[in-house]
Structures are given as structure tokens and as C-alpha cells.
Amino acid sequence: MKYWLMKSEPSEYSIVDLEKDGVEMWDGVRNYQVRNFMRDEMRVGDLALFYHSNAGKETGVVGVMKIVRNAYPDPTQFDKKNKHYDAKSTHENPRWLCVDVEHLETFRQPLTLSEIKTKSEFSSIPLVQKGNRLSIMPLSDTIFNKMIFLSKNGG
DNA sequence: GCCAACGTTGGC
DNA sequence: GCCAACGTTGGC
């Protein structure tokens with residue numbers, strides 16, 4: 001079993017939305033490295049931290065979810081009305097994949113990015129490295145559990 | 001809203 | 001295959 005961190009802008013889709021929906025498609029990934037993570041490494045039963053990006057002081061890890069469906073073609077790539085539409089993708093050879101996630105927990109307090117940056121044990125995560133743009137990244141079990149611990153114990 | 005950093009595209 | 005132009009991400 002693997003562990004992940006998955007980013008979403010809360011103005012687009014937040015942990016509150018996922019809590020309401022229960023299970024939802026994690027669509028809109030348009031980065032090949034991230035697609036390959038989903039295709040090659042992400043599997044049903046993996047756990048992921050939900051991260052709010054671009055959210056001012058609220059930016060940070062806000063909850064936990066579980067992968068409940070392995071990678072499959074992202075339907076938004078075929079939908080001309082969708083902002084993630086990709087004219088170069090075909091049903092025969094789809095470029096982009098998505099997974100389904102299930103809400104497990106919303107933290108009472110987010111573990112903020114500024115808190116994460118103060119901990120040297122997190123310095124190796126792509127999240128805090130300059131210029132990194134992965135919207136999904138793998139985490140070690142140690143890092144994953146440490147983040148959950150800190151989010152429940154006030155940084 | 002700004003802008004640095006990065007990935008992608010396409011002309012050559 | 002190079003690289004300039006462009007679009008996107010995401011912190012601030």
C-alpha cells in the first residue's frame with residue numbers, strides 16, 4: 001500500500017465538497033508525470049492526504065481520503081464544454097486518467113504549509129521544494145503518518 | 001493579482 | 001533536436 005498527497009484548490013473542489021460527495025472522481029490531471037503516478041503506482045486501498053493549494057493562510061493538509069478505483073480514462077478530456085477538454089485525446093487512445101477517491105476524515109485544524117516548512121523532516125518532499133508543480137506526489141509512510149499526527153496534535 | 005518556475009508546443 | 005513563446009501552477 002502506498003501513500004500520497006493530492007492537491008486541489010478549494011475554490012475548485014475542497015475537502016468539504018468531498019465530505020458531502022463521499023466518493024468522487026479526481027479528474028483534471030493534465031501533467032504526464034502525475035498521470036504516470038496514477039497509472040503505474042496508485043492502487044485501490046492507497047491512502048492520500050487532501051491538500052488545499054492556493055488558499056492563503058488555509059493552504060495545507062486538510063484531511064484524509066482513500067483511493068477506491070484504479071486509474072481509468074478521465075471523461076473530462078472528451079467534453080468540449082469542460083475546461084480540461086483535450087482535442088488531441090481520443091477514446092481509442094486517451095491521454096489522461098483519473099481515479100476515484102473516498103472521503104475518510106476532515107481535520108479540525110489544517111496542517112498548514114507554513115508549519116510543514118518549519119519541520120526539517122519534511123524538507124525532502126516535493127511539496128516544499130522550489131518550483132515543484134506536482135499536483136499528486138508520493139509520500140513515505142513515515143512522512144504520511146507524521147503529517148497526520150501533527151494535524152491532530154497542533155503542529 | 002502578481003509573478004517565478006516550469007512544462008508544452010511548434011516553427012525552423 | 002533546439003529553443004522561443006506561451007500557458008499553467010501555486011505561493012505570496
Side-chain angles (χ1 to χ4, degrees), chain A residues 2-21 24-42 46-65 67 71-101 103-140 143-144 146-152 154-155:
Chain A
K2 290 193 164 64
Y3 300 92
W4 305 91
L5 182 146
M6 299 169 74
K7 298 179 185 176
S8 177
E9 298 199 14
S11 58
E12 295 288 321
Y13 193 80
S14 76
I15 186 90
V16 177
D17 297 321
L18 183 61
E19 193 167 358
K20 281 184 209 147
D21 293 338
E24 188 54 280
M25 183 171 69
W26 197 271
D27 61 4
V29 168
R30 296 294 182 269
N31 171 286
Y32 289 106
Q33 196 179 347
V34 172
R35 180 204 65 185
N36 294 348
F37 279 147
M38 291 196 292
R39 184 189 62 197
D40 301 334
E41 298 185 45
M42 190 176 272
D46 288 359
L47 296 179
L49 298 175
F50 195 128
Y51 177 90
H52 280 171
S53 63
N54 232 327
K57 278 194 276 187
E58 306 293 308
T59 298
V61 174
V62 293
V64 189
M65 54 197 171
I67 310 304
Y72 62 101
D74 179 346
T76 65
Q77 69 197 301
F78 306 122
D79 178 1
K80 284 187 181 170
K81 291 178 191 143
N82 193 284
K83 65 186 268 192
H84 299 297
Y85 174 68
D86 185 343
K88 294 184 179 165
S89 191
T90 64
H91 283 84
E92 294 70 34
N93 192 17
R95 278 191 177 186
W96 305 113
L97 303 173
C98 61
V99 295
D100 286 356
V101 297
H103 178 271
L104 292 186
E105 184 179 359
T106 303
F107 299 144
R108 287 160 62 203
Q109 296 276 1
L111 174 62
T112 64
L113 179 61
S114 59
E115 286 164 345
I116 290 167
K117 282 180 168 171
T118 66
K119 310 276 181 199
S120 60
E121 60 263 49
F122 296 145
S123 61
S124 63
I125 313 173
L127 182 70
V128 298
Q129 286 163 9
K130 192 177 181 183
N132 187 275
R133 300 169 64 185
L134 291 177
S135 64
I136 297 179
M137 68 190 74
L139 299 177
S140 70
I143 297 286
F144 179 87
K146 182 103 192 182
M147 286 196 168
I148 290 188
F149 176 84
L150 288 175
S151 64
K152 291 185 175 172

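In what follows, chains carry the letters A, B, and so on, assigned in the order in which the sequence lines appear, proteins first and then strands, with residues in each chain numbered from 1.
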Does the gap between the ring centers of A:Tyr72 and A:Trp96 come in under 6.0 Å?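 Ring-ring flag for A:Tyr72/A:Trp96: false, centres at least 6.0 Å apart.
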
Kindly state whether the ring of A:Trp4 and the ring of A:Phe37 have centres lying under 6.0 angstrom apart.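 For A:Trp4 and A:Phe37, the ring centres are under 6.0 Å apart.
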
Please identify each residue that fulfils salt bridge (Lys or Arg N to Asp or Glu O under 4.0 Å) with A:Glu12, with sequence neighbours left out. A:Lys83

Hey, which of these two, A:Gly131 or A:Lys88, hits DNA chain B nearer its 5' end, going by closest nucleotide?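 Checking each residue's closest nucleotide, the 5'-ward one belongs to A:Gly131.
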
Show the nearest heavy-atom pair for residues A:Met25 and A:Asp100, with the distance to one decimal.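 Where A:Met25 meets A:Asp100 most closely, the heavy atoms are CA-OD1, 3.4 Å.
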
For A:Lys117, report the nucleic acid contact type (base, sugar-phosphate, nothing); a contact means any heavy atom under 4.0 Å.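 Sugar-phosphate, no base atom in range.
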
Pick base, sugar-phosphate or nothing for A:Leu127, based on heavy-atom distances below 4.0 Å to the nucleic acid. nothing

[Y] and [X] side chains, donor-acceptor separation under 3.5 Å:
X	Y	value
A:Glu19	A:Thr106	yes
A:Tyr13	A:Asp27	no
A:Arg30	A:Thr76	yes

Chain A on DNA chain C: first and last contacting nucleotide, 5' to 3', under 4.0 Å to a heavy atom? C:dG7 to C:dC12

So if I apply the salt bridge (charged side-chain N to carboxylate O under 4.0 Å, His left out) rule between A:Asp86 and each of A:Arg35, A:Arg95, A:Lys80, which one comes out positive?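 Going through A:Arg35, A:Arg95, A:Lys80 one by one, the salt bridge (charged side-chain N to carboxylate O under 4.0 Å, His left out) with A:Asp86 is satisfied by A:Arg95 alone.
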
Within residues 90-100 of chain A, which residues have any heavy atom lying less than 4.0 Å from an atom of DNA chain C? none

